[in-house]
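First comes the structure, then the notes that go with it.
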Amino acid sequence: MKIQIITLFPGMFEGYFSSSMMLKAQKIKKLDLKIINLRDFGLGSHKTVDDIPYGGGDGMVLKIEPLVAAVDFAKKQDKSAQVILMTPRGKMYTQKLAQELADQNAGLIIICGRYEGYDERITKYVNRQISIGNYVLTGGELPAMVIADSVVRLIPGVLGGETSAEKESFSDGKTVEHPQYTRPEEFQGMKVPEVLLGGNHAQITKWREEHSKR
Ligand code: ADE
């Protein structure tokens, strides 16, 4: 899957995507990640990307021209990609939506908002507006990482030999994964449930099902 992220802060993505599963996904060619610096599409010699809002008010607003130029650039690399705008005004993100994005077999172009906002006209160029929760962050970078992580882990082969993503927490939107324990059997007086210590797989499955209910 090709994921292109448009941001003013490319450095924010370095650590996350060069570690753990996101690194593995790239190594095994399941993820082709490109970070696009919005500044490269800024206007004039100062590479201006923002301006004061019409109507007055605090803060700066991301200008439409650099945003559209960056989206056009990304679209040239991947014509069928879905364009997603990260915004607290978007549709609430859920596991179901993550699955939808993973299933649609198209790349993603994710736009990270910043400052006080973005010129609303960018919404004409996007397929979806997504919020990752009912709170306001300083920008769309963390939300973009949330989308990328939750979608990439659903690509067959990324989680490998571990429990398949489909069997796991929230995949049906109703249940959460059962609690897990590992050694030691007892820690500061807290014991691992007896049933998990025996080898009765039917009983273990039953216990896990009972403890998976939300
Ligand atoms: N940008 C700032 N806050 C956000 C949120 N909650 N979801 C998506 N994008 C955002």
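Both counts, for ligands and for their atoms, begin at 1 and track the order of listing.
- Within 6.0 Å of CG in Asn134 there are 12 or fewer heavy atoms belonging to other residues, nucleotides or ligands.
- At under 3.5 Å, not a single nitrogen or oxygen of Gly140, backbone or side chain, sits near a nitrogen or oxygen of ligand 1.
- Gly133 counts as a contact of ligand 1, since one of its heavy atoms falls under 4.0 Å from the ligand.
- Neither the backbone nor the side chain of Thr138 has any atom closer than 4.0 Å to an atom of ligand 1 (non-hydrogen atoms only).
- Atom CD of Glu186 sits in a crowded spot, with more than 12 heavy atoms from other residues, nucleotides or ligands closer than 6.0 Å.
- Between the side chain of Thr48 and the main chain of Asp50, no donor-acceptor pair closer than 3.5 Å is present.
- Of the heavy atoms in Asn134, none comes closer than 4.0 Å to ligand 1.
- Under a 3.5 Å cut-off, the side chain of Lys24 and the backbone N or O of Val158 do form a donor-acceptor pair.
- In terms of polar-atom proximity, defined here as any N/O pair under 3.5 Å, Ile130 makes no such contact with ligand 1.
- Proximity annotation for atom 3 (N) of ligand 1: of Ile84, Ile111, Leu85, Leu137, Leu137 comes nearest, heavy atoms only.
- Counting only heavy atoms of the protein, atom 6 (N) of ligand 1 lies nearest to Tyr135 O, 2.8 Å.
- Ligand 1 lies less than 4.0 angstrom from a heavy atom belonging to Gly139.
- Residue-to-ligand polar distances keep Val136 apart from ligand 1: every N/O pair is separated by 3.5 Å or more.
- Screening Ile3, Ile5, Leu101 against Ile84 for a side-chain contact (heavy atoms from CB on, under 4.5 Å) leaves a single residue, Leu101.
- Test Ile147, Leu154, Asp149 against Val151 for side-chain contact (heavy atoms from CB on, under 4.5 Å) and you get one pass: Ile147.
- Atom 9 (N) of ligand 1 has Thr87 N, 3.2 Å as its closest protein atom, hydrogens excluded (heavy atom only).
- Gln129 places no side-chain N or O within 3.5 Å of a backbone atom of Thr123 that could act as its donor or acceptor partner.
- Counted within 6.0 Å of CZ on Phe9, heavy atoms from surrounding residues, nucleotides or ligands total more than 12; the atom is thus considered enclosed.
- Considering only non-hydrogen protein atoms, atom 10 (C) of ligand 1 sits nearest to Pro88 CD, 3.5 Å.
- Contacts between Pro143 and ligand 1 below 4.0 angstrom, taking non-hydrogen atoms only, involve the side chain exclusively.
- Closest to atom 7 (N) of ligand 1 among all protein heavy atoms lies Ile132 N, 3.0 Å.
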